[in-house]
Amino acid sequence: NAGVTQTPKFQVLKTGQSMTLQCAQDMNHNSMYWYRQDPGMGLRLIYYSASEGTTDKGEVPNGYNVSRLNKREFSLRLESAAPSQTSVYFCASSESGTGGLYEQYFGPGTRLTVT
Amino acid sequence: GQQVMQIPQYQHVQEGEDFTTYCNSSTTLSNIQWYKQRPGGHPVFLIQLVKSGEVKKQKRLTFQFGEAKKNSSLHITATQTTDVGTYFCAGLTPSGAGSYQLTFGKGTKLSVIP
């Protein structure tokens, strides 16, 4: 099992360019998440998908869009990149049940720089 | 909205000293999870606490969940250089319609001086 995979690992964009971050999981999890991590700010939720076919905004959704392509894949799109979007982006997945969410499994991250 | 405060933000200890990080929530939590992130790595799940007053141990790590389910702590006994990293707590609360929200604290970055 590869767990959670993310591509690319590194990316440099110019202001105004667009790109899509890809994420896939092979653990048959229902829920998937996109976080950004900035120094001193911890992990902030951008968007999540509780199950295939649904997506919801998290804490910091502005400037981003997501697509839950199927149960395995959840992509994050930056339509017009801004320097404020320079960050490390993590995708995660988890199972869920009547008792709540189980532990989240994180991908290796994408380090994005917008100049 | 839901807030999870974690202190301290940074902690430098001499190898062999103990370390504790504290997590406080503004609301009652369904459960709390703890994660560790090594430098340059990704967060890795350590443990989940569900019951009021619960205490769990993993070797030198002791995790506690408060009686009111609004606070938690992670204590490391006799730190080693392998303990270096950032420790995050994450509180789970219901967000309606059978779904849940997991809110991360900002983390405590632990440095261990050999």
Side-chain angles (χ1 to χ4, degrees), chain A residues 2-7 9-10 21 23 25 27 29-61 87-111, chain B residues 1-11 21 23-25 28-51 54 56 58 63 65 69 85-109:
Chain A
V4 179
T5 57
Q6 291 183 238
T7 55
K9 285 188 168 51
F10 301 93
L21 281 64
C23 174
Q25 52 94 7
M27 295 172 283
H29 287 164
N30 284 322
S31 303
M32 297 186 73
Y33 315 84
W34 276 105
Y35 293 91
R36 60 176 291 173
Q37 184 174 39
D38 304 293
M41 297 298 291
L43 292 157
R44 293 185 292 171
L45 183 65
I46 305 171
Y47 270 93
Y48 66 99
S49 170
S51 61
E52 187 178 354
T54 68
T55 60
D56 285 289
K57 295 179 180 178
E59 181 186 352
V60 288
S87 188
V88 180
Y89 291 86
F90 288 103
C91 176
S93 70
S94 74
E95 196 45 87
S96 57
T98 55
L101 293 174
Y102 303 137
E103 66 266 28
Q104 295 194 4
Y105 292 81
F106 285 79
T110 295
R111 281 153 179 78
Chain B
Q2 169 68 19
Q3 289 191 358
V4 174
M5 308 299 292
Q6 194 173 349
I7 56 169
Q9 190 173 358
Y10 301 97
Q11 186 78 58
T21 173
C23 195
N24 287 287
S25 168
T28 302
L29 302 170
S30 298
N31 68 38
I32 194 154
Q33 300 176 3
W34 285 91
Y35 293 78
K36 177 184 178 181
Q37 184 177 23
R38 294 182 188 275
H42 59 276
V44 174
F45 174 81
L46 292 176
I47 208 161
Q48 176 170 279
L49 304 172
V50 179
K51 299 176 184 176
E54 190 169 13
K56 286 189 176 180
Q58 289 180 349
F63 303 85
F65 200 11
K69 300 184 74 172
T86 301
Y87 293 84
F88 293 96
C89 63
L92 188 73
T93 53
S95 56
S99 61
Y100 291 81
Q101 175 183 341
L102 190 68
T103 303
F104 281 83
K106 293 186 178 180
T108 296
K109 187 173 182 178

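Chain A is the first sequence line, chain B the second, and so forth, proteins listed ahead of strands; every chain is numbered from 1.
Surrounding CE of Met5(B) are at most 12 heavy atoms belonging to other residues, nucleotides or ligands under 6.0 Å away. No more than 12 heavy atoms of other residues, nucleotides or ligands sit less than 6.0 Å from atom NZ of Lys109(B).
When only modelled atom types and interatomic distance are considered, Gln37(A) and Gln37(B) share a side-chain donor-acceptor pair under 3.5 Å.
Applying the ring pair (Phe, Tyr, Trp, His ring centres under 6.0 Å) test to Phe90(A) and every residue at least two apart in sequence or in another chain returns nothing.
Arg44(A) does not touch chain B: none of its heavy atoms, backbone or side chain, sits under 4.5 Å away. Residue Tyr105(A): no heavy atom, backbone or side chain, is found under 4.5 Å from chain B. Only the side chain of Tyr35(B) comes within less than 4.5 Å of a heavy atom in chain A; its backbone stays farther off.
Annotation: side chain of Tyr48(A) is not in contact with side chain of Gln101(B) (no heavy-atom distance under 4.5 Å).
Here Pro43(B) is the residue among Ala90(B), Gly107(B), Pro43(B) with the most heavy-atom pairs under 4.5 Å with chain A.
Taken to the nearest 0.5 Å, the CD atom of Glu103(A) stands 10.5 Å off from the CG atom of Asn31(B).
When all heavy atoms are compared, the tightest approach of Leu43(A) to Phe88(B) is N-CE2, 4.4 Å.
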